[in-house]
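Below, each value reflects all heavy atoms present in this structure, side chains not excepted, and no hydrogens, waters or symmetry copies. Convention: sequence-line order gives letters A, B, ...; per-chain numbering from 1.
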There are 2 protein chains.
Amino acid sequence: MKDDRNRSVRLLWETPAEPTRGPKAALSQARVVEAAIKVADAEGIEALTMRRVAETLGFTTMSLYRHVPGKSELLDLMVDAVWGETEQTPKTTWRDGLDFYARQLWSMYCAHPWLLQLTNARRMPGPNAMTRTDAAFAVVSGLNLKPEEIVAVVTSIGQFVAGVGRTMADRVLAERETGVSEEDWWNDRDELWEHFTPERLPMMTHIWTTGGYERPLDEFEFGLARVLDGLAVFIEAEERQREAPLVRRETCL
Amino acid sequence: MKDDRNRSVRLLWETPAEPTRGPKAALSQARVVEAAIKVADAEGIEALTMRRVAETLGFTTMSLYRHVPGKSELLDLMVDAVWGETEQTPKTTWRDGLDFYARQLWSMYCAHPWLLQLTNARRMPGPNAMTRTDAAFAVVSGLNLKPEEIVAVVTSIGQFVAGVGRTMADRVLAERETGVSEEDWWNDRDELWEHFTPERLPMMTHIWTTGGYERPLDEFEFGLARVLDGLAVFIEAEERQREAPLVRRETCL
DNA sequence: CTAGAACCGTGTACAACGTACACCTCGTTT
DNA sequence: AAACGAGGTGTACGTTGTACACGGTTCTAG
């Protein structure tokens, strides 16, 4: 059963029948997942080892494998458990809805920065993640967009939040891991700044001396406003084009 | 000298004096970096081990440490070497300039997807990366933006490309690593689709049946156009009324 | 009522990783 | 000729995920 390609599908989407025989389990899948999330929250993804999770639960490392097939599947379960903590996007205007969706993602990433240290490619999507995404699709469904445009719009929001979040997460996790603040770390590399000369880096030194790095804009708020503005331009243009009688585009049912 | 905090600064920004004594080096830092990039290009970052690099060069693992202080510093050198392959943004309009900058980043990420598997937090910036960034700042310097707004505008482009790139990179590297195409992999998980019912996921099933996933829009092109549109709205508004204060909201981190 | 199947948790073991350390061998400087 | 600094080698250690064998516990089939 090693190469059962649907094992992780069943793991996430189906609740297995309870065993009738054998001793009562002292541990459970839910407790393993919960403990793993707690470890990752506190110490980052590189501290998340099977040994560490087992230790916090007071069991041996190998006992975890009775409840979870492997580390990869444990990560799948952790991710979908965290999606379950978010609220579904309510039905409102497209802009309010996407704003809500973006902020839900943002607070999810803030609470669990390790999410952004994980690959998303070929990660098995769980029911929680899918229902949240479905609700996000719904808020842009009344705009007469083509189906692939709906996907593109929601995806662009998701990717924006993930992009900004990753920078934030890397910073937070590095601070937590090393115990050295971002500022202290850069100040320790004092010889670096000697190479930042106006001849070599005119703009950066100018921005530095005029205080551009001292009071940076909030990356999330600034970027979100820009992306939503950009989507507004697109959506309005798309609606105008659709109302024009001559330039009928093919609608897929 | 172990905790010399400026060691990596000198490594990237200064060329060390050539040694006078001892045997001629059969290896060099440049060759190590080059070989490492080649390995990462072909097999991804998780295949980039000191043993693997040494093997492709025909030397022992420990010989690398004569030319590179450690793996972390090797990564710094690889990153800046790759930045050196890109062209600097020429001086044009802000929109053409940012478009150029975005496409440079994009082609860099396409050529070296492993860049996006690396943390950016506390990575020592090298001279190539800094001059490229400086040139990008320059194209938005004629707009009378506040210094922190210049940083925010360029950063938002960088983060957009990194966000889209990461999705692309994860996919490409997973295919290269496993030898299984994305499509085949998802087709193997056939039981997953049985859970995608219209009751549970109405929008997704609708988009699926209307072909929204069959001809997806280009994420890079779609997103870039949206972000540039959004920045245009901001820049025009900013030019119109310079005296209006900018609204800043608090976020969780 | 008993044999055995199913299940839980433990302990040992292995290959791969980064790299510290001791070592020998060159080539230049004193 | 002796000393010294540098390049490359080989061994060894602590980590990681997890395969495998094992012993104890609980329910089911005969």
Side-chain angles (χ1 to χ4, degrees), chain A residues 1-4 7-8 11 16-33 35-36 39-40 43-78 114 117-119 177, chain B residues 1-4 7-8 11 16-33 35-36 39-40 43-78 114 117-119 177:
Chain A
M1 273 300 177
K2 254 188 79 169
D3 58 342
D4 180 355
R7 185 178 60 178
S8 49
L11 192 70
E18 279 183 29
T20 56
R21 289 209 257 237
K24 288 259 170 66
L27 219 47
S28 69
Q29 186 177 95
R31 281 187 63 202
V32 171
V33 172
V39 169
E43 307 167 43
I45 207 69
E46 59 283 336
L48 182 78
T49 67
M50 299 305 266
R51 284 170 175 81
R52 184 88 189 77
V53 174
E55 188 189 318
T56 68
L57 285 165
F59 286 83
T60 61
T61 309
M62 291 313 292
S63 69
L64 304 184
Y65 287 87
R66 287 280 162 203
H67 306 276
V68 151
K71 194 181 184 183
S72 168
E73 288 84 354
L74 174 56
L75 291 174
D76 289 340
L77 289 166
M78 290 167 67
W114 48 268
Q117 300 183 291
L118 266 40
T119 309
E177 201 182 340
Chain B
M1 274 300 178
K2 257 187 77 169
D3 58 343
D4 181 356
R7 185 178 61 180
S8 49
L11 194 69
E18 279 184 28
T20 56
R21 290 211 255 236
K24 286 225 188 97
L27 219 47
S28 69
Q29 186 178 94
R31 282 188 63 203
V32 172
V33 172
V39 169
E43 307 168 44
I45 207 69
E46 58 284 334
L48 181 78
T49 66
M50 299 305 267
R51 284 170 174 81
R52 184 88 189 77
V53 175
E55 189 189 318
T56 68
L57 285 165
F59 287 82
T60 60
T61 308
M62 291 313 292
S63 69
L64 304 184
Y65 287 88
R66 287 281 162 199
H67 306 276
V68 151
K71 193 181 184 182
S72 169
E73 288 84 355
L74 174 56
L75 291 173
D76 289 340
L77 289 165
M78 291 167 67
W114 48 269
Q117 301 183 290
L118 264 41
T119 308
E177 199 183 343

Quick check on DNA chain D: between Arg51(B) and Thr20(B), whose nearest nucleotide comes earlier from the 5' end? Thr20(B)
Side-chain donor/acceptor contact of Arg21(B) with base of dG27(C) under 3.5 Å: no
Which residue, Phe59(B) or Ala47(A), contacts DNA chain D at a nucleotide closer to its 5' end, judged by nearest heavy atom? Phe59(B)
Report the distance from atom CZ of Arg52(A) to atom P of dG17(D), rounded to the nearest whole Å. 12 Å
Taking NZ from Lys71(B) and C1' from dA16(C), how many angstroms apart are they, rounded to a whole number? 11 Å
Can you tell me the distance, in whole Å, between the CD1 atom of Ile45(A) and the C1' atom of dG17(D)? 14 Å
So what does Leu74(B) touch, heavy atoms closer than 4.0 Å: a base, only the sugar-phosphate, or nothing? nothing
Heavy-atom distance under 4.5 Å between the side chains of Leu77(B) and Gln29(B), does that happen here? yes
Think Ser63(B) has a side-chain N or O under 4.0 angstrom from the OP1 or OP2 of dG8(D)? no
Check every atom of dG9(C), dC23(C), dG17(D) against the side chain of Arg66(A) and return the nucleotide holding the closest atom. dG9(C)
What contact category does Thr49(A) fall into here, base, sugar-phosphate, or nothing, at under 4.0 angstrom with non-hydrogen atoms? sugar-phosphate
From the set dG9(C), dT19(C), dG7(D), return the single nucleotide nearest to any side-chain atom of Tyr65(B). dT19(C)
Are side-chain heavy atoms of Val39(A) and Thr49(A) found at a separation under 4.5 Å? no
Minimum heavy-atom separation for Ser63(A) to Phe59(A), with atom names? OG-CB, 3.2 Å
Without decimals, in angstroms, what is the distance between Glu55(B) CD and dT9(D) P? 14 Å
Candidate nucleotides dC20(D), dC8(C), dG5(D), ranked by approach to the side chain of Pro23(B) - the nearest: dG5(D)
Leu64(B) near the nucleic acid: base, sugar-phosphate alone, or nothing, with a heavy-atom cut-off under 4.0 Å? nothing
For the side chain of Met62(A), starting at C-beta, report the closest nucleotide among dT19(C), dT12(C), dG8(D). dT12(C)
Got Leu27(A) and Arg66(A) here, is their nearest side-chain heavy-atom distance under 4.5 Å? no
Within less than 4.0 Å of OP1 or OP2 of dC7(C), is there a side-chain N or O belonging to His67(A)? no
Separation of dT16(D) atom C1' from Glu46(B) atom CD, nearest Å, is 15 Å
For Glu18(A) and dC8(C), give me the distance from atom CD to atom C1', rounded to whole Å. 15 Å
Side chains of Ile45(B) and Leu75(B): closer than 4.5 Å at any heavy-atom pair? yes
Could you check Lys24(A) against Thr61(B) and say which one's nearest nucleotide on DNA chain C is further toward the 5' end? Lys24(A)
Separation of dC7(C) C1' from Leu27(A) CG (nearest whole Å): 14 Å
Expressed as a whole number of angstroms, how long is the span from Met50(A):CE to dA13(C):P? 21 Å
Minimal heavy-atom distance between Ala40(A) and Leu48(A), with the atoms involved, is N-CD1, 4.3 Å
